[in-house]
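So you know, we letter chains A, B, ... as the sequences are listed, proteins then strands, and number each from 1.
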Amino acid sequence: MLNLIRNPEKDSGQLYIPGCFMIILNQKEGITLELKLSCNPKVLKYVRKLIGEIAFDMGFSEEEVSYIEMCVDEACTNVIKHAYPSSKLSFTTPPKTGSQKLEMKIFIYVLPDKIHISVVDYGLGVRKIPVGVQSLDEYLQKEPHSGLGIFMIKKFMDEVHFSSPEGSGTIIDMIKYKKE
Amino acid sequence: MIGFDIIEKNDFESQGIKFISIKGYLDAHTVTQLEEKLYSMLNKGVKKILIDFSDLKYISSAGIGLLIGATQKIRAEGGDLVICNSSDKVYNILENLGFTKIFNIAHSEQEALSLFTKKS
């Protein structure tokens, strides 16, 4: 089955075959990769490794690579924790076989001047766009401690956008620009 | 690929310090292992915990959150938790987030011991 994916950088779409890890040649300007993953916390280390390899290959510094890896990890962790509440996913018990709907996708846009990563889930969506904590003090005062993941994403990435129509899942777009 | 491991060490036991080394990746998947270990120690009344970060390759917000909670709890009981031998990568993340002002982070075990001594 072929589906059309809309390229956020251009209006024209690209054809791809879903369900596999696929490299799509994105015309002149870069490469788009799509990962489809189950909401299994075991995937986190593989996602970090892949993102880290790509970012390093793009010329980001070691420090920037570690920040990009971490931000994608945090975004994926939020999906695993929050996107499918009725499924009672836990971090020690992987999802049962047959729960293919409990998935997330990561789109990695490798562009000349930046890396753009979208983490997409198909869960409930959120009524309010998550803001995370605004400062370390706020995090330390909050009981229980939460919101640090989004705080980190906003701190380490250059642009962060959330989109979450209620009932339609959530997309978090994260962009890191290459330094001159 | 390395997962996560906790190694108990006997050094400094005579000084009442529980010393563990954590190895690998501390993320949302592996954090429960450390949580069980730390809170087991805290529930037994341990007042001094030293954690060697030299083989820790990665820490996420889940790991940081756990360490914050454990640190706050142990300090409320008059004790302390000290981190030692962190890699530059992990240290930079903690520093950029401001956590080096919260945690006691030593560059060596000897420095860590002095931090415990200063406290008591």
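Atom CD1 of A:Ile150 and atom OG of B:Ser61 lie 9.5 Å apart (nearest 0.5 Å). Separation of atoms NZ (B:Lys57) and NZ (A:Lys45) is listed at 14.0 Å; rounding is to 0.5 Å. We find the CG-CG distance between A:Leu148 and B:Leu97 to be 6.5 Å, quoted to the nearest 0.5 Å. Atom CD1 of residue A:Ile80 and atom NE2 of residue B:His29 lie 10.0 Å apart, to the nearest 0.5 angstrom. For the atom pair CG (A:Leu136) and CD1 (B:Ile68), the distance works out to 7.0 Å, reported to the nearest 0.5 Å. A:Glu62 CD to B:Asn92 CG: the interatomic distance, rounded to the nearest 0.5 Å, is 10.5 Å.
In this structure, B:Lys37 places its NZ atom where only 12 or fewer heavy-atom neighbours from other residues, nucleotides or ligands lie under 6.0 Å away. Shown here is B:Phe12, whose CZ atom has more than 12 heavy atoms of other residues, nucleotides or ligands within 6.0 Å. Heavy atoms from other residues, nucleotides or ligands lying under 6.0 Å from NZ of B:Lys18 number 12 at most.
Closest approach of A:Ser66 to B:Ile93, counting heavy atoms only: OG-CD1, 4.3 Å. Nearest heavy-atom pair across A:Arg48 and B:Tyr58 is CD-CZ, 3.3 Å. Closest of all the heavy-atom pairs between B:Ser60 and A:Glu74 is CB-OE2, 3.4 Å.
Residues A:Ile31 and A:Phe60 fall within the same hydrophobic cluster, defined by Ile, Leu, Val, Met, Phe, Trp and Tyr side chains chained together at heavy-atom separations under 4.5 Å. Linking Ile, Leu, Val, Met, Phe, Trp and Tyr residues whenever their side-chain heavy atoms come within less than 4.5 Å leaves B:Ile7 and B:Leu56 in two separate clusters.
For B:Phe99, the parts sitting under 4.5 Å from any heavy atom of chain A are the backbone and the side chain alike. Both the backbone and the side chain of B:Asn96 come within less than 4.5 Å of a heavy atom of chain A.
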